[in-house]
Enquirer: 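Submitted below is the structure of interest, expressed as C-alpha cells.
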Number of protein chains: 2
Amino acid sequence: MTVSRALNDRSNVDKKTKEKIIQKAKSMGYTPNRVAKSLVSRKTQTIGVVIPEITHAFFPEVVRGIEEVTYRSDYQLILTNANEQFEREQHAVNTLRSQQVDGILISSSQTVEDYAFYKEIVNSKTHLVFFDRCIQGIGASCVHVNDRESSELITRHLIEVHQYEKIAHLSGPREVTIGRERYMGYQEALEKSNLTENRDWIVEAGFKEEGGYQAMKKILELPQSDQPRAIVCVNDPVAFGAMEAIKEAGRKIPDDFAITGFSDEIRAPLVEVPLTTVHQPAYEVGRRAAEKLLKLIDGESEQPEDIEITATIQIRKSCGC
Amino acid sequence: MTVSRALNDRSNVDKKTKEKIIQKAKSMGYTPNRVAKSLVSRKTQTIGVVIPEITHAFFPEVVRGIEEVTYRSDYQLILTNANEQFEREQHAVNTLRSQQVDGILISSSQTVEDYAFYKEIVNSKTHLVFFDRCIQGIGASCVHVNDRESSELITRHLIEVHQYEKIAHLSGPREVTIGRERYMGYQEALEKSNLTENRDWIVEAGFKEEGGYQAMKKILELPQSDQPRAIVCVNDPVAFGAMEAIKEAGRKIPDDFAITGFSDEIRAPLVEVPLTTVHQPAYEVGRRAAEKLLKLIDGESEQPEDIEITATIQIRKSCGC
DNA sequence: TTGTAAGCGTTATCAT
DNA sequence: ATGATAACGCTTACAA
C-alpha cells in the first residue's frame with residue numbers, strides 16, 4: 001500500500017520512504033499494471049475508434065483530430081477498421097466493449113435498416129458518438145457536416161452557373177445517412193429548378209473508387225443521346241473512379257462530362273482535372289466528436305447532441321469553371 | 001465457474017445448463033470483461049503501434065498492412081502518433097507497456113544517439129519490432145526497405161541517364177536510420193562517378209513538407225552559378241515542400257531543377273510535375289512487421305531479424321525523363 | 001457435471 | 001506514516 005501511495009505521489013508518505021521506493025522501482029524496471037488498475041477503477045483511459053475504410057484519406061485526417069483531443073486528456077486510442085463491412089463493425093464494437101473502453105467513436109458502415117444493434121449499445125449506457133456516418137433516432141450523439149445542404153449547393157452550382165440540365169448522381173448506399181442526405185440534396189436542387197429526375201442517372205456506387213468506376217460504366221453504356229452532361233458523386237473516391245472510366249472511354253472532363261465530388265481529400269486538387277468538391281473539415285469533425293465523447297464520459301453532458309459542421313464548396317476545374 | 005465454462009464453450013458442461021446460461025447472458029446484455037481476463041491470463045490480445053506522423057500517407061498504408069495481419073489473429077491495435085517528437089514517443093511506449101500490450105510496432109522519431117531507452121525495453125523482454133525507422137544494434141527486429149541501395153540507384157539515375165553533375169541532397173536527421181542510409185546512398189553514387197560532395201548542397205530538412213520548403217529556400221539563396229542542377233530528397237513530403245519553394249521562386253522543374261523523392265505516396269503521381277521517387281511497398285512493410293511480431297509473441301522465433309524489403313525506382317517526369 | 005478456493009496487480013477503507 | 005483486508009471479474013487447480 002505504501003508503495004502504491006509513493007508511486008502515485010500521494011501526500012501521506014514519508015519523504016525518505018518515498019525516495020527509497022521510487023529508486024527501487026526504477027532499478028527494477030517496474031512498470032505499473034494498468035490492467036489491474038482498470039479492473040478496480042472501472043476506467044481504462046481508452047477510447048475505441050471504428051472507421052469504415054482507412055484508405056479513404058478523409059478518415060486518417062479525422063483520426064488526427066481525435067488524437068489531438070485525446071492525447072491532451074491522456075486517453076489511448078484503439079483503432080479498428082471495419083472495411084465497409086457491418087459484420088466486422090459489430091465484431092469491433094463488441095470487442096471494444098469487452099475491452100471496457102471508456103467510450104466509442106464510430107462512423108458506421110451499416111447498410112441495413114435494423115437499428116437493434118446500436119439501440120442496445122446505447123441503452124447499455126456505453127458512451128457512443130457517431131461521426132460522419134450516423135445512426136439517427138436512437139439517442140446517440142453525432143458529428144457531421146451539413147451534407148444535404150452542401151450536396152444541394154454543389155448541384156445547384158452545376159445547374160445555375162453552368163446551365164447543365166442533364167445531371168446524374170452516383171450515390172452511396174441509401175441506408176447510410178450520408179448516402180441518403182447527399183442524394184436528397186441532389187434531388188432538392190433538381191426540384192427547385194424544375195428538372196425531373198431520370199432513373200437511369202441515379203446509380204448506386206458505394207463509397208469506393210471501384211464502385212464509382214463501375215457505376216460510371218453503366219452510364220457510359222447508355223445511348224449517347226440519353227447520357228447526362230454532369231455527374232454529382234457521393235464522395236471523392238467515387239468521383240475518381242468515375243473519372244477513370246470516363247478517361248478510358250476517351251471522353252473529356254469537363255467538356256463531355258462535368259463532375260463533382262464530396263470530401264476534398266488530399267488528391268482532389270491534384271488529379272488531372274482538379275476536382276470541384278465539397279470541402280469537409282475532417283480534422284474538425286474528429287476534434288468535435290472526441291470532445292463530445294469526453295464530455296459524456298466525464299458526465300458533463302448527459303443529453304445526446306447533433307453537431308453539424310458547415311462544409312464549403314471548393315470550386316475547381318472539373319465542373320467546367 | 002459453470003458460467004465461465006458455458007460461455008467459453010468448454011466441453012464439460014451439461015447441454016441444458018449451457019443453453020440456459022447463454023440465454024440468460026444474452027437477455028442480461030452481458031459482455032465478458034476482458035480486462036479481468038487479461039489480468040489472470042497475462043495476455044491482452046492487444047498490440048501497440050507508434051507512428052511518427054499520421055499525415056504522412058506512407059504510415060496509414062503501413063497500418064493497413066498491420067491491420068490485415070492482426071485482424072485475422074484477433075488482435076486489437078492501439079495506435080499512437082508521436083508527431084515526430086521523441087518525448088511523445090517515449091511516453092507512448094511507456095503507456096503501452098503499462099497497458100500490458102502483447103507487443104509493440106514502432107517507427108522511431110528518435111534523433112539522439114543515446115539508445116538507453118530502447119535497450120531497456122528490449123532487455124525487459126517486451127516484444128518489439130521496428131519498421132521503416134529502426135534502432136539498430138540493440139537486438140530488436142526491424143522491417144525496412146533497402147534504403148541505401150535505393151537512394152544510390154535513384155541518384156545514379158540522375159547522374160548516368162541525365163548527366164547531371166551538380167546534385168544536392170535534402171536530408172533527414174542524421175540520427176535516424178533512414179536519414180543516414182539515404183544520405184549514404186547518395187554519397188556512394190557521387191563517389192562512384194567521381195563527383196565531389198559540396199557542403200552547401202547538403203541541407204537537413206527533417207521529414208516534413210515545411211522542412212523541405214525551408215531547405216530548398218536556402219539552396220535558392222546561393223548565387224545561381226553555385227546552385228545545383230538536381231535535388232535528391234529524403235522523402236516525398238520534403239520533395240513536395242521543395243517543389244513549392246522552386247515554384248515560388250519562378251524556377252522550373254525539371255528544366256531548372258530535377259528533383260526526386262522517396263516513398264511514392266499517393267500524391268507523387270498527381271502533382272504538377274509527377275515525382276520520380278522510390279516506391280516503398282508500405283502495405284508490405286506493415287504486413288511483414290506484424291507477422292514478425294506475432295511470431296515473437298507466440299514464441300516461434302526467438303532471434304531478432306532484420307527484414308529487408310526491396311524498393312523499386314519509380315520514374316516520372318520530375319527527374320527530366 | 002458442478003462447485004470451491006485462490007490468485008492475477010491494483011486501490012479504497014479501515015486499523016494501527 | 002504504514003499496514004492489513006477486501007474487492008474488481010475472471011480462470012486454473014482441485015474437490016465433490
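Naming convention: chains lettered A, B, ... in sequence-line order (proteins, then strands); numbering from 1 in each chain. Keep in mind it's a predicted model, so treat the numbers as computed, not measured.
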Enquirer: Any side-chain N or O of B:Thr17 below 4.0 angstrom from OP1/OP2 of C:dT2?
Expert: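 Checking B:Thr17 against C:dT2: at least one side-chain N or O falls below 4.0 Å of OP1 or OP2.
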
Enquirer: When you match A:Lys37 and B:Met1 each to their closest nucleotide on DNA chain C, which lands nearer the 5' end?
Expert: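 Its nearest nucleotide lies further toward 5', so the answer is B:Met1.
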
Enquirer: For the pair made of CG in A:Asn33 and C1' in C:dC8, what is the distance, rounded to whole Å?
Expert: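 The answer, rounded to whole Å, is 9 Å.
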
Enquirer: So, does A:Ser4 get its side chain near the phosphate of C:dT11, meaning an N or O under 4.0 Å from OP1 or OP2?
Expert: yes

Enquirer: Considering every strand and a 4.0 Å limit on heavy-atom distances, what is the contact class for A:Asn12: base, sugar-phosphate, or nothing?
Expert: base

Enquirer: Expressed as a whole number of angstroms, how long is the span from A:Gln45:CD to C:dT10:P?
Expert: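 After rounding, the gap between these two atoms is 17 Å.
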
Enquirer: Taking the side chain of A:Leu39 as its heavy atoms from C-beta onward, which of D:dC8, C:dC8, C:dT10 lies nearest to it?
Expert: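 When the side chain of A:Leu39 is considered, D:dC8 is the closest of D:dC8, C:dC8, C:dT10.
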
Enquirer: How would you label the contact of B:Ser38 with the nucleic acid (heavy atoms, under 4.0 Å): base, sugar-phosphate, or nothing?
Expert: nothing

Enquirer: Specify the separation, in whole Å, of atom CG of A:Asp9 and atom P of D:dA1.
Expert: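 So the CG-P distance, A:Asp9 to D:dA1, works out to 13 Å.
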
Enquirer: Looking only at side-chain N and O atoms, does B:Thr2 come under 4.0 Å of OP1 or OP2 in C:dG3?
Expert: yes

Enquirer: Under 3.5 Å, is there a donor-acceptor pair linking the side chains of A:Arg97 and A:Thr126?
Expert: yes

Enquirer: From NZ of A:Lys15 over to P of D:dA1, roughly how many Å is that when rounded to an integer?
Expert: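 Value for this atom pair: 12 Å.
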
Enquirer: Between atom CD in B:Gln100 and atom C1' in C:dG9, what is the gap in whole Å?
Expert: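 Interatomic distance, CD of B:Gln100 to C1' of C:dG9: 9 Å.
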
Enquirer: Pick the closest DNA chain C nucleotide for A:Thr31 and for B:Asp14 by heavy atoms, then say which residue is nearer the 5' end.
Expert: B:Asp14

Enquirer: I want to check one thing: is the phosphate of C:dT11, taken as OP1 and OP2, less than 4.0 Å away from some side-chain N or O of A:Asn8?
Expert: yes

Enquirer: Does A:Arg42 have a side-chain nitrogen or oxygen under 4.0 Å from the phosphate oxygens OP1 or OP2 of C:dT10?
Expert: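 So the side chain of A:Arg42 is outside the cut-off, no N or O lying under 4.0 Å from OP1 or OP2 of C:dT10.
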
Enquirer: What integer distance in Å separates B:Arg10:CZ from D:dT11:C1'?
Expert: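 Interatomic distance, CZ of B:Arg10 to C1' of D:dT11: 8 Å.
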
Enquirer: Will you find, in the side chains of A:Ser38 and A:Lys43, an N or O donor that is under 3.5 Å from an N or O acceptor?
Expert: no

Enquirer: Could you tell me if B:Glu53 and B:Thr55 have a donor-acceptor pair between their side chains, going purely by distance under 3.5 Å?
Expert: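 Short answer, yes.
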
Enquirer: What integer distance in Å separates B:Arg5:CZ from C:dG3:C1'?
Expert: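 Checked: the CZ to C1' distance equals 8 Å.
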
Enquirer: Does the side chain of B:Arg34 get closer than 4.0 angstrom to OP1 or OP2 of D:dT11 through an N or O atom?
Expert: no

Enquirer: Can you tell me if B:Asp147 uses its side chain to pair, donor with acceptor, with the backbone of B:Glu181 under 3.5 Å?
Expert: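 No, because the side chain of B:Asp147 does not come within donor-acceptor range (under 3.5 Å) of the backbone of B:Glu181.
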
Enquirer: Is it true that a side-chain atom of A:Asp102 and a backbone atom of A:Thr44 form a donor plus acceptor pair closer than 3.5 Å?
Expert: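 Present.
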
Enquirer: Whole angstrom is fine here: how far is it from NZ in B:Lys18 over to C1' in C:dT1?
Expert: 13 Å

